[in-house]
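For reference, the structure is listed below as structure tokens.
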Number of protein chains: 2
Amino acid sequence: MKTLCDPRELMARQGVDPNPNRDLILKVIASSSKAVTPKFILTAARKTRSIDKVTLYRILDLFVARRILRRMASVAGSLRYEIACAEHNPLHPHFVCRECGDMECLSDVDLSDVRERLNMKTKNLPEDIDLKLEGVCQKCSPRKRRRHEEK
Amino acid sequence: MKTLCDPRELMARQGVDPNPNRDLILKVIASSSKAVTPKFILTAARKTRSIDKVTLYRILDLFVARRILRRMASVAGSLRYEIACAEHNPLHPHFVCRECGDMECLSDVDLSDVRERLNMKTKNLPEDIDLKLEGVCQKCSPRKRRRHEEK
DNA sequence: AACAGCGTGCAACTGAGTTGCAATATAAAT
DNA sequence: ATTTATATTGCAACTCAGTTGCACGCTGTT
């Protein structure tokens, strides 16, 4: 993400009351350039204040439900979260590494045409589109260095 | 999947030796119209012969590595597997239900153009493309009937 | 003060997937 | 055919992400 959106403003716009935990969690996610795991968020947030993992998961669920965050799954590892702000971080595809699970954002790729092409293909009601390229990232490929994982 | 590809032929083509467990597992997956979970595969396979879950996971890993199966993640529940036969089940997008995790195949949608559009956007090496629509399926939406889950 | 309602923390749990290792089966070599 | 190497399986125990139940505490309301 390039520009940082203000966590407080995002919550206000989506009708979610701010509080210390929510502020902090959103700030951690907003200030990362990639989609992040709960583990990463927890580690980063705990440098500021003590938070239980259950609290984190509950806040993440709330944010996803209120469309403040986008949640994504990948074959390697846990779910990842990114800011869902239409102006500062519009919907985009990702590259996902099969080894370490790291996610690269392919920003500046618009998916609205793909979305339209697909919507008519199902009787169900698509709410989101999730497009991922999968492979092994540069960090992992040279020597198959297992799990360089995020700190 | 429309036409059924022959498990034995698939394995032969991809250089994997057949054996009773592999045959059975591949048959179960090939005869399903949707991408299936390990749990589903295990239940179905055990109607024929007793198989340990570890064996299943190992065979699934082997099949994915040898490109006999495609593996997909979704935000709801576990990984899902489908036959990766280019003729009988070419790469296609999916609709995934957020409630029950069920995956509908959007066959007859070709993704090669999307793929090309994206390949140049990353310095990494994309091997696969995975496109999913997310939402709540018809079975789940009417009364938010939790977890109708597959039998 | 007594109550409701929400947010949090702790502990214990669930469920998917993994690892180590011993037992078995299969294929190759003598 | 018996031995020897190699691949496959099963069991038990484990890891790790995410969840649930419940008690506690902090608002704000009557």
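The figures here come from the full heavy-atom set of this structure, side chains too, leaving out hydrogens, waters and symmetry mates. Convention: sequence-line order gives letters A, B, ...; per-chain numbering from 1.
- Put simply, CG on Leu79(B) is 12 Å from P on dG18(D), counting in whole angstrom units.
- For the pair Arg49(A)/Asn21(A), a side-chain contact is recorded, criterion being any heavy-atom separation below 4.5 Å from C-beta on.
- Between the CG atom of Asp17(B) and the P atom of dT9(D) there is a distance of 11 Å, given to the nearest Å.
- Between the CG atom of Asp23(B) and the P atom of dT9(D) there is a distance of 11 Å, rounded to whole Å.
- Each of dA17(D), dT8(D), dG17(C) was ranked by its minimum atom distance to the side chain of Lys39(A); first place goes to dA17(D).
- Here the side chain of His88(A) pairs no donor or acceptor atom with the backbone of Ala86(A) at under 3.5 angstrom.
- A straight line from CZ of Arg71(B) to C1' of dA16(C) spans 12 Å, rounded to a whole angstrom.
- One finds no side-chain N or O of Asn21(A) lying less than 4.0 angstrom from the OP1 or OP2 phosphate oxygen of dG7(C).
- As rounded to whole Å, 14 Å separates atom P of dT9(D) from atom CZ of Arg46(B).
- Rounded to a whole Å, the CD1 atom of Ile51(B) is 12 Å from the P atom of dC11(D).
- Contact record, Cys85(A) with Cys5(A): CB-SG, 3.6 Å, taken as the closest heavy-atom pair.
- Residue Phe40(A) contributes atom CZ, which lies 19 Å from atom P of dC16(D) at whole-angstrom precision.
- At least one donor-acceptor pair under 3.5 Å links the side chain of Lys132(A) to the backbone N or O of Ala73(A).
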Evaluation steps, salt bridge (charged side-chain N to carboxylate O under 4.0 Å, His left out), between Arg67(B) and Asp128(B): CA-CA 11 Å; Arg67(B) 313 230 141 213; Asp128(B) 280 307; 3.5 Å; yes

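- The side chain of Asp52(A) lies closest to dC10(C), out of dC10(C), dT19(D), dT8(D).
- Listed candidates were dT8(D), dA16(C), dG18(D). Nearest to the side chain of Ser78(A) is dG18(D).
- Annotation: of the two residues near DNA chain C, Tyr81(B) and Pro20(B), the 5′-most nearest-nucleotide partner is Tyr81(B).
- No hydrogens or angles considered: a donor-acceptor pair under 3.5 Å links the side chains of His92(B) and Glu82(B).
- In this structure, of dT8(C), dT9(D), dG18(D), it is dG18(D) that holds the atom nearest to the side chain of Pro38(A).
- Residues Phe63(B) and Arg22(B) form a side-chain contact, since some pair of their non-hydrogen atoms from C-beta on lies under 4.5 Å apart.
- Note on Asn19(B): every side-chain N or O is 4.0 Å or more away from OP1 and OP2 of dA7(D).
- What separates CD1 of Ile41(B) from P of dG15(C) is a distance of 18 Å, to the nearest Å.
- Of the candidates dT8(C), dA12(D), dT19(D), dT19(D) carries the atom nearest the Lys53(A) side chain, counting heavy atoms from C-beta on.
- Of the residues in residues 57-70 of chain A, those with a non-hydrogen atom less than 4.0 angstrom from any atom of DNA chain D are Tyr57(A), Arg58(A).
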